[in-house]
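In what follows, every chain begins at residue 1, and chains take the letters A, B, ... in the order their sequences are listed. FYI, side chains are in, hydrogens and waters are out, and symmetry mates aren't considered; it's all heavy atoms of this structure.
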Number of protein chains: 2
Amino acid sequence: MKKTIFVFGLLIIALLLLFQLSKYAMISGNLNFEITIAIIAVVFFFVGIYINKKSLHKRKIASTEINHQKIKDLEISKREYEVLQAISEGLSNKEIAYKLFLSESTIKTHVSSLLIKLNAKRRTQALQIAKDFNII
Amino acid sequence: MKKTIFVFGLLIIALLLLFQLSKYAMISGNLNFEITIAIIAVVFFFVGIYINKKSLHKRKIASTEINHQKIKDLEISKREYEVLQAISEGLSNKEIAYKLFLSESTIKTHVSSLLIKLNAKRRTQALQIAKDFNII
DNA sequence: AGTGGTTTGGTACTTTAGTATGAACAGTTT
DNA sequence: AAACTGTTCATACTAAAGTACCAAACCACT
């Protein structure tokens with residue numbers, strides 16, 4: 001967040017400098033009008049692209065990147081989260097147990113607490129909720 | 001595609017008009033320098049945002065749109081597809097039956113054929129496979 | 001050294017999911 | 001008309017998922 005403010009500050013300063021520079025260059029007759037306008041246009045065109053990419057990138061992160069804070073808020077532990085990921089891969093409890101070197105009853109324990117924490121009745125519902133929360 | 005070319009053509013014409021307009025306004029002394037520069041800057045800033053949004057939007061659609069051809073290739077019927085969507089919402093067979101005004105055993109029939117067609121052993125695995133195929 | 005949270009695992013049970021098979025009906029195609 | 005496909009539903013069964021309750025072991029903390 002501090003970085004964003006810093007970058008934007010620099011950007012505004014750079015633009016003001018460009019503004020003044022082009023003005024004086026024009027007045028002193030070193031630069032003709034079309035070139036000045038063109039430079040301004042190109043610079044602001046790329047500034048527009050840059051700003052837009054930044055904001056879209058953030059939105060993209062929000063919609064596809066994992067919300068680790070939400071995982072903490074829901075008090076989902078490491079093991080439970082591993083089980084949740086395995087469920088999203090379509091594995092059965094037995095397969096998850098084999099993958100994580102655990103017994104099936106341990107997996108059932110984890111699944112049950114996951115369902116409670118996600119307020120779901122089934123594993124498929126848990127998946128849907130987890131996707132809504134951007135935690136898988 | 002034709003539409004895109006048309007829009008870009010219009011955009012370029014509008015910009016050239018703006019360019020000429022600002023030039024004559026400047027020369028005739030109706031507009032001072034700062035305002036001209038500011039208008040150009042603002043216009044190109046938004047043009048940059050617009051173009052960037054267009055290109056990003058296309059990419060976004062391409063990665064999330066449903067592959068209807070794949071559904072046909074897998075020979076998944078309308079009803080089966082409705083059931084698949086309901087499964088992805090985390091519903092149980094009973095809930096799906098209620099939603100579609102069918103009996104639970106009908107849903108089981110549909111689910112079974114879905115599992116065969118998607119080559120899945122469980123509904124959760126069917127979801128994962130369906131997502132891979134971009135059909136949900 | 002005890003507290004609290006996590007992880008692990010067990011038993012016994014209920015519920016849900018999934019399979020197999022058969023059957024009736026509607027609409028489409030050959 | 002006959003064959004085909006999709007949809008509907010039933011019964012009977014097995015497998016998997018999920019609940020409830022308990023308990024031991026571990027780890028980090030202070």
Nucleotides 23-28 of chain D: which of its N/O atoms have a protein N/O under 3.5 Å away?
none

Is the shortest heavy-atom distance from the side chain of [X] to the side chain of [Y] under 4.5 Å?
| X | Y | answer |
| --- | --- | --- |
| A:Asn134 | A:Ile66 | no |
| A:Ile49 | B:Ile49 | no |
| A:Thr124 | A:Ile87 | no |
| A:Tyr81 | A:Ile136 | yes |

Which residues pass the side-chain contact (heavy atoms from CB on, under 4.5 Å) test with [X], not counting sequence neighbours?
| X | value |
| --- | --- |
| A:Thr109 | none |
| A:Tyr98 | none |
| A:Lys70 | A:Asn67, A:Leu74, A:Phe133, A:Ile135 |
| A:Ser77 | A:Arg79, A:Glu80 |

Near DNA chain D, which residues from residues 71-98 of chain A have a heavy atom under 4.0 Å away?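 Output list: A:Ser92, A:Asn93, A:Lys94.
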Going by number, which of residues 108-125 of chain A have a non-hydrogen atom under 4.0 Å from DNA chain D?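 Of all residues in residues 108-125 of chain A, the ones placing a heavy atom under 4.0 Å from DNA chain D are A:Lys108, A:Val111, A:Ser112, A:Leu115, A:Arg122, A:Arg123.
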Along DNA chain C, 5' to 3', what are the outermost nucleotides having an atom less than 4.0 Å from a heavy atom of chain B?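 Extent of the interface on DNA chain C: C:dT16 to C:dT19.
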B:Leu102 CG to D:dG6 C1': how many Å, rounded?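 Between C1' of D:dG6 and CG of B:Leu102: 13 Å.
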Among residues two or more places apart or on two chains, list those pairs meeting salt bridge (Lys or Arg N to Asp or Glu O under 4.0 Å) that have a residue in residues 120-136 of chain B.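 Sorted result for residues 120-136 of chain B: A:Glu95-B:Arg122.
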Results of side chain to side chain donor-acceptor pair (under 3.5 Å) for A:Ser88 - residues two or more places apart only: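 Scan of A:Ser88 (side chain to side chain donor-acceptor pair (under 3.5 Å), adjacent residues dropped) gives none.
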Please list, chain by chain and in numerical order, all residues satisfying side chain to side chain donor-acceptor pair (under 3.5 Å) with B:Gln85, sequence neighbours excluded.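 B:Gln85 satisfies side chain to side chain donor-acceptor pair (under 3.5 Å) with no residue once adjacent residues are dropped.
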Donor-acceptor pair, side chain of A:Thr106 and main chain of A:Leu102, under 3.5 angstrom: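 Not a single qualifying donor-acceptor pair exists.
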Give a yes or no on whether the backbone of A:Glu75 and the side-chain of A:Lys117 come within a donor-acceptor separation of less than 3.5 Å.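 Judged by distance alone, yes, a pair lies under 3.5 Å.
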Minimum heavy-atom separation for B:Lys94 and B:Glu104, please, with both atom names.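 Residues B:Lys94 and B:Glu104, closest heavy atoms: CE-OE1, 3.7 Å.
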How close do A:Leu84 and A:Leu127 get, heavy atom to heavy atom, and via which atoms?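 Closest approach of A:Leu84 to A:Leu127: O-CD2, 4.4 Å.
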Give me the bend of the helix from C:dA1-D:dT30 to C:dT30-D:dA1, using the axes of the five pairs at each end, rounded to 10°.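 For the helix from C:dA1-D:dT30 to C:dT30-D:dA1, the axes at opposite ends meet at about 50°.
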With heavy atoms under 4.0 Å as the rule, sort A:Ser103 into base, sugar-phosphate or nothing.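 Result for A:Ser103 = sugar-phosphate.
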